[in-house]
S.K.: 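So that we are looking at the same thing, I have put the structure below in structure tokens.
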Number of protein chains: 2
Amino acid sequence: MTQQDPQMGVEYNQQTNFEEVERVIMQISWLGQRQFMQLLDEERFHLTLPQFYTLLHLHQIADACKMSDLADATHQSAASLTGVVDRLLEKQLVERTRHPRDRRQVMVVVTPRGNTLIAEIKRARHEQMHSAFMHLHPDDIDTLLRLLDQVLLGMMRVLERADSGRWA
Amino acid sequence: MTQQDPQMGVEYNQQTNFEEVERVIMQISWLGQRQFMQLLDEERFHLTLPQFYTLLHLHQIADACKMSDLADATHQSAASLTGVVDRLLEKQLVERTRHPRDRRQVMVVVTPRGNTLIAEIKRARHEQMHSAFMHLHPDDIDTLLRLLDQVLLGMMRVLERADSGRWA
DNA sequence: ATGATATACTTAATCCTGTTGAATATCAAG
DNA sequence: CTTGATATTCAACAGGATTAAGTATATCAT
């Protein structure tokens with residue numbers, strides 16, 4: 001599937017593999033999000049992707065978080081986030097409070113109910129993904145993790161550069 | 001970042017790394033799609049993610065494709081796809097025709113204009129991603145490609161199984 | 001203290017896309 | 001020519017993205 005013409009030089013191969021990795025990552029992202037979207041749509045969850053990632057972040061930091069930080073962390077605009085949090089609130093998965101000192105800030109926290117739901121979704125997702133990774137050697141898992149961590153780091157660097165570019 | 005407690009056994013480590021890979025892939029997918037969404041939103045492109053992936057598939061097969069196949073390939077419902085193709089049509093990136101033998105089928109093809117746009121987007125995406133991969137060793141790129149191909153294959157197997165389950 | 005400016009967030013309007021179920025058109029068979 | 005299956009679209013609604021404008025609170029200069 002990813003074989004190269006043996007007559008091609010090394011540089012061409014590298015260039016091609018480079019583009020192939022991009023392509024495969026794009027495909028995995030698209031397919032993965034679609035599959036996950038369907039999982040989240042099941043009756044027991046009834047969440048959307050933005051709702052899930054928002055709830056996940058609150059679960060991970062396990063503390064109150066102000067709207068603008070939450071928007072940054074989940075890569076959503078503040079305007080969209082308001083609606084997302086509204087819906088999480090209706091489902092009683094989060095709570096909204098005001099910052100005591102600076103009353104402009106709105107703080108959001110997960111409820112126990114929200115934490116439970118995240119745990120259930122993680123389990124379901126784990127089962128779904130298990131069969132996709134099953135065939136990988138344990139050593140390969142380690143390698144994959146190391147490499148993907150580097151890719152993620154690189155992507156976040158791109159983001160920071162774009163952010164600083166705003167006021168350049 | 002992904003260190004394990006050395007007192008933990010091998011099995012625990014594997015389990016943990018397994019979950020870590022899931023987590024990192026989810027993060028890369030989410031972050032990647034968000035970044036890409038912003039890129040596609042630029043004036044020169046003005047596409048959405050579903051529009052792009054639909055156009056990309058048509059570009060890749062380089063031939064007419066009927067709606068239901070296009071929906072399968074891009075993991076969208078036929079109903080949503082109708083609207084997506086409508087908008088691609090307005091932008092003159094695709095053309096709709098009827099299958100000559102079976103007039104129920106609607107065939108879609110990319111226009112030259114659509115192919116040009118895909119090429120431009122690929123170049124822009126390449127520049128965006130380049131800095132994320134820059135720090136990876138060429139050997140690592142090879143390894144990453146091999147492993148991600150396996151992951152993608154595994155994910156598609158999950159999909160096929162889910163599909164066959166429909167009429168089980 | 002007062003008025004200007006900045007910050008944090010919400011609201012409103014519009015578009016895209018997702019879902020479901022019904023509607024339409026076409027084909028294939030009896 | 002009905003009957004039933006198939007391919008696609010339509011209609012109605014919800015979520016969420018974007019932009020611009022609006023509200024409330026805070027901060028700072030005078």
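Heavy-atom basis, side chains included; hydrogens, waters and symmetry copies ignored. Quantities reported herein were computed from a predicted structural model and do not represent experimental measurements. Lettering of chains follows the sequences in order, A, B, ..., and the numbering in each one begins at 1.
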S.K.: Please name all residues satisfying salt bridge (Lys or Arg N to Asp or Glu O under 4.0 Å) with B/Arg104, sequence neighbours left out, ordered by chain then number.
M.R.: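 B/Arg104 satisfies salt bridge (Lys or Arg N to Asp or Glu O under 4.0 Å) with B/Asp102 only.
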S.K.: Rounded to whole Å, please give me the gap between CH2 in A/Trp30 and P in C/dG18.
M.R.: 6 Å
S.K.: Roughly, in whole Å, what's the span from CD in B/Gln76 to C1' in C/dG18?
M.R.: 10 Å
S.K.: Starting at atom CZ of B/Arg87, determine the distance to atom C1' of C/dG18, rounded to an integer number of angstrom.
M.R.: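 Rounded to whole Å, this separation is 11 Å.
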S.K.: Without decimals, in angstroms, what is the distance between B/His75 NE2 and C/dG18 P?
M.R.: 12 Å
S.K.: Roughly, in whole Å, what's the span from CG in B/Leu40 to P in C/dC16?
M.R.: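 After rounding, the reported distance stands at 14 Å.
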S.K.: Roughly how many Å is it from CG in A/Leu93 to P in D/dG15, rounded to a whole number?
M.R.: 14 Å
S.K.: Using residues 83-92 of chain A as the side-chain source, report each donor-acceptor pair under 3.5 Å to any protein atom, sequence neighbours left out, with the distance given to one decimal.
M.R.:
from    : atom 1 : to       : atom 2 : distance (Å)
A/Asp86 : OD1    : A/Arg96  : NH1    : 3.0
A/Asp86 : OD1    : A/Arg96  : NH2    : 2.8
A/Arg87 : NH1    : A/Gly83  : O      : 3.3
A/Lys91 : NZ     : A/His46  : O      : 3.0
A/Lys91 : NZ     : A/Gln51  : OE1    : 2.7
A/Gln92 : OE1    : A/Arg113 : NH1    : 3.4

S.K.: Which pairs count as salt bridge (charged side-chain N to carboxylate O under 4.0 Å, His left out) when at least one residue sits in residues 30-57 of chain A, sequence neighbours excluded?
M.R.: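 Salt bridge (charged side-chain N to carboxylate O under 4.0 Å, His left out) check on residues 30-57 of chain A returns A/Glu42-A/Arg44.
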S.K.: Check side-chain contact (heavy atoms from CB on, under 4.5 Å) between B/Arg123 and all other residues, then give those that pass, not counting sequence neighbours.
M.R.: B/Glu120, B/Glu127
S.K.: Output all residues satisfying side chain to side chain donor-acceptor pair (under 3.5 Å) with A/Ser77, sequence neighbours left out; order by chain, then residue number.
M.R.: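 Side chain to side chain donor-acceptor pair (under 3.5 Å) list for A/Ser77, sorted by chain: A/Ser80.
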S.K.: Under 3.5 Å, which donor-acceptor pairs link side chains of residues 55-66 of chain A to any protein atom two or more places apart or in another chain?
M.R.:
from    : atom 1 : to       : atom 2 : distance (Å)
A/His59 : ND1    : A/Asn115 : OD1    : 2.6

S.K.: Taking CD from A/Glu43 and P from C/dT19, how many angstroms apart are they, rounded to a whole number?
M.R.: 15 Å
S.K.: Between A/Leu88 (CG) and D/dG15 (C1'), how many Å, whole number?
M.R.: 12 Å
S.K.: What does nucleotides 4-11 of chain C look like as a protein-contact string, B for base, S for sugar-phosphate only, - for none, at under 4.0 angstrom between heavy atoms?
M.R.: ---BSSBB
S.K.: Taking side-chain contact (heavy atoms from CB on, under 4.5 Å) as the test, write out the residues that go with B/Glu22, two or more places apart.
M.R.: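 Residues passing side-chain contact (heavy atoms from CB on, under 4.5 Å) with B/Glu22: A/His126, A/Met129, A/Phe133, B/Phe18.
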S.K.: Using 0.5 Å steps for rounding, measure from the CG atom of A/Leu117 to the OG1 atom of A/Thr111.
M.R.: 9.0 Å
S.K.: Any side-chain heavy atom of A/Phe52 within less than 4.5 Å of one from A/Phe45?
M.R.: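 A/Phe52 does not reach A/Phe45 side chain to side chain.
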S.K.: Could you check B/Ser80 against B/Arg101 and say which one's nearest nucleotide on DNA chain C is further toward the 5' end?
M.R.: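 Per heavy-atom nearest nucleotide, the more 5' residue is B/Ser80.
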S.K.: Can you list, in residue-number order, the parts of residues 50-60 of chain A that come under 4.0 Å of DNA chain D, counting heavy atoms only?
M.R.: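 Those residues whose heavy atoms fall under 4.0 Å from DNA chain D, taken from residues 50-60 of chain A in numerical order, are A/Pro50, A/Gln51.
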